[in-house]
Amino acid sequence: MRKYLLLAALFLIHFSAAATEGMWLPHLLTNLNEKEMKGMGMKISAADIYSVNKGSLKDAIVSFGGFCTGEIISSQGLLLTNHHCGYSSIQKHSSVQNNYLENGFWSRNRGEELPNPGLFATFIVRIESVTKQALQGVTAQMTERERQSVIDKNLQTIRSGLKKETYQDVVIKPFFEGNQYFLFVTETYKDIRLVGAPPSSIGKFGADTDNWMWPRHTGDFSLFRIYAGKDNKPAEYSKDNVPLNPKHFLPISLDGVAENDFTMVFGFPGRTSEYLPSEALKLTVEGQDPAKVGMRDAALKVIDGFMRKDEQIKIQYAAKFASTANAWKKWIGEMQGVRSTGGIDRKLKYEERFRQLATPAQRSVLDSLNSLYKASAPFAVARDYYQELIRNVEMLDFADDAITMLQQPNAKEEYETLKQQYLEKMESLYKNYNNNVDREVATALLDIYFKEVPSNKIGGEAYQIWMETNKDGKTTATKMYSQSAFTSFEKLSAFFNRPFDTVSREVWTDPATRLLIGLRNGYVEHVSDPYSAFLPDMARLQRAYMQAQMDVLKGRRFYPDANSTLRITYGKVNGYTPRDAVEYGISTTLDGVMEKYKPGDYEFDVPEKLRTLYEQKDYGPYGAKGKMPVCFIASNHTTGGNSGSPALDAYGNLIGLNFDRTWEGTMSDINYDASICRNIMVDIRYVLFLIDKFAGAKHLVDEMKLVHPKRKKTSTQLRKKAA
Ligand code: ARG
Ligand code: ASP
């Protein structure tokens, strides 16, 4: 017994999460976090962050379109989020005459604010635990399918019995791998208008070169406004809608940040996997990441070469390049971060300790789960190769869509409609498509695919084609890109604008569809079907392992993996040491923007107006000690989806806008390490300076509530001292 306690104590010392690790559910803070948060410097209470009965910080936070976070910063529904979150809205309003991406956009009054059909903002009204009801009648003997069908019925019962207003929605989600369930009552506003955005040379300054990097100098913000019906409730777009009067909006601190300041980030993190077994971590960083990175390395190199030579291609491929490069660069950082912090070793040690404290049954859960990951690994990697191939070679993706359409059960009867929809989609895709670029990408990627994926996971049909073309990507691609109907929209529409029977007979002889269908059949039979067969057991064991970790490590606080639900994370403003002899400071200034300035460069150009303001040091009330602050970092545990989330000070005032993480720490999704994981935020003073001084939109700043919490504190302290 003594030995057991000692082990348990040792375990907790070694393996309790660092104070800054975790994405916590806001309604559970009182029990789990409040004390620690106050110890770290928080000056408000858990009830000020989340409360059902009175306005609290959570009432100022929205899920922005389901993919980012936004926050309310005025009593008139003004919403702040990232430039990269508003990007597609800004793009849709842009034209050659009014190029808002290039020049920025600033509405001078409400009438000029631009509607964005399809965009929405969702508030969380309240959160409830429904674990007991959700899992009622579930037994350990059930198959995954039986279990899910019992749960689905239970959730239906919960939903229909729930008291809520007609304009509210309810979302129920599994947490901790399905061991717990929480319910969210939400309110979704659908009339969201664009208010302002800086030019991309500010909002995307540094573009892909600086993406995921520190020191950073990006003014990554944009402004929207939520409109409501006359009753302040959610309403479809109407020109008669009025600005939302929110339950709470965030005051903005002009006092900036200092080393060791307490910070919180409140938002909707998308997905993390912090409780995987060691074999899964290995698979990620030694199998899947290298496969995906290898494919994208090759694709990006080709596209970059074309973009640098050809202006038209640069415009066509800019958005695709950015999205391909974003994940590619993150995976590279993830592999490096796990390696440099000894992440796999740490996981192995964690499992060793777990085994020492666990029961034989709990141990066997972990062992089976690890074996399962090991057995499934070759399928998981082959799956990634296939998906990267189809994703990056657009002609194969186009062919995939065509085959899917033609194979629909009602394809013959509905051909006219289906064809119409398909061609419409293709027409817009071909606008940003270049046959030469795609051919070179295909050449490179087919070579990698057939070299890296074992032939028994490719299948005979595709291998046959590969042999016909001398097992050579270039020969395969040359044939395909000279003979296929998919080489241009004109050819494609001529091909499909014929009777269904002709099309579905001839489509098989087109070299693009022929290759695609060969690859696809082989993939389904040899990769995706066998891989899917692992999934139910994996889900069951991962759930059991999660519960076992929570049972065995009683003293550790567990936070659920991110799943796009509202979370709070807290940390401190701190620099870090990424490598031997390198130390990173906490913040950047406009001086750094000017150091990076490259006239005419598409990533590092600086608008003239900003250069003038810099020369004149015309920073208004937003500068500090003669400098203009731009970005800062802290140890908040964030992930994709946290973009646009507010960074808050100890009082809940807005001090920054989260938009990225540092490269060394992108592994935080699978292996958070407090020593190097940092989130990157735009300093709110830079945002205000840009709105006021750069854009001349002071009327927007006038809507906001600006505060000086540090000044106030010093004056009361002074008074106390004097007394
Ligand atoms: N890395 C950030 C995130 O994951 C920003 C991405 C947008 N910027 C870019 N250069 N692609 O979303
Ligand atoms: N840039 C990410 C986002 O868009 C944030 C991150 O991954 O840190 O949500």
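Just so you know, residue 1 is the first one in the sequence shown, and it goes up from there. Order of listing sets the numbers, starting from 1, for every ligand and every atom in it.
Within ligand 2, the atoms closer than 4.0 Å to a non-hydrogen atom of G641 are 3 (C), 9 (O), numbered from 1 in the order shown. Each of the following atoms of ligand 1 lies closer than 4.0 Å to a heavy atom of D660: 1 (N), 2 (C). Atoms of ligand 1 lying under 4.0 Å from any heavy atom of F659, numbered from 1 in the order shown and given with element: 2 (C). Atoms of ligand 1 lying under 4.0 Å from any heavy atom of W212, numbered from 1 in the order shown and given with element: 1 (N), 4 (O). Near N642, with a cut-off below 4.0 Å to any heavy atom, the atoms of ligand 2 are 9 (O).
With sequence neighbours excluded, no residue forms a salt bridge (Lys or Arg N to Asp or Glu O under 4.0 Å) with E608. With sequence neighbours left out, C68 forms a disulfide bond (SG atoms under 2.5 Å apart) with C85.
Side-chain atoms of Y576 and S635 include no donor-acceptor pair closer than 3.5 Å. Judged purely by distance below 3.5 Å, without hydrogens or angles, the side chains of N574 and N260 pair a donor atom with an acceptor atom. Checked by atom type, the side-chain pair S645/T69 shows a donor-acceptor distance below 3.5 Å.
Residues F659 and H84 have side chains in contact (heavy-atom distance under 4.5 Å, counting atoms from C-beta outward). For the pair Q288/W331, no side-chain contact is recorded, criterion being any heavy-atom separation below 4.5 Å from C-beta on.
Only backbone heavy atoms of A207 (N, CA, C or O) come within less than 4.0 Å of ligand 1; its side chain stays farther off. Residue-level proximity to ligand 2 for N82 is absent, since no heavy atom of it falls below 4.0 angstrom. For T639, every heavy-atom contact with ligand 2 shorter than 4.0 Å involves the backbone, none the side chain.
For ligand 2, the polar-atom distance check against C68 finds no nitrogen or oxygen pair separated by under 3.5 Å. For ligand 1, the polar-atom distance check against N326 finds a nitrogen or oxygen pair separated by under 3.5 Å. Taking any N or O of W212, backbone or side chain, none lies under 3.5 Å from an N or O belonging to ligand 2.
Aromatic ring pairs are classed by plane angle as parallel below 30°, tilted from 30° to 60° and perpendicular above 60°; the pair Y430 and Y433 is perpendicular. Relative orientation of the F221 and W106 rings is tilted, given thresholds of 30° and 60° on the angle between their planes.
The shortest contact between atom 7 (O) of ligand 2 and any protein heavy atom is with R661 NH2, 2.9 Å.
For H84, the closest heavy-atom approach to ligand 2 falls below 4.0 Å. Heavy atoms of Y87 stay at 4.0 angstrom or farther from ligand 1.
Counting only non-hydrogen atoms, the option in S645, S643, G665 that gets closest to atom 3 (C) of ligand 2 is S643.
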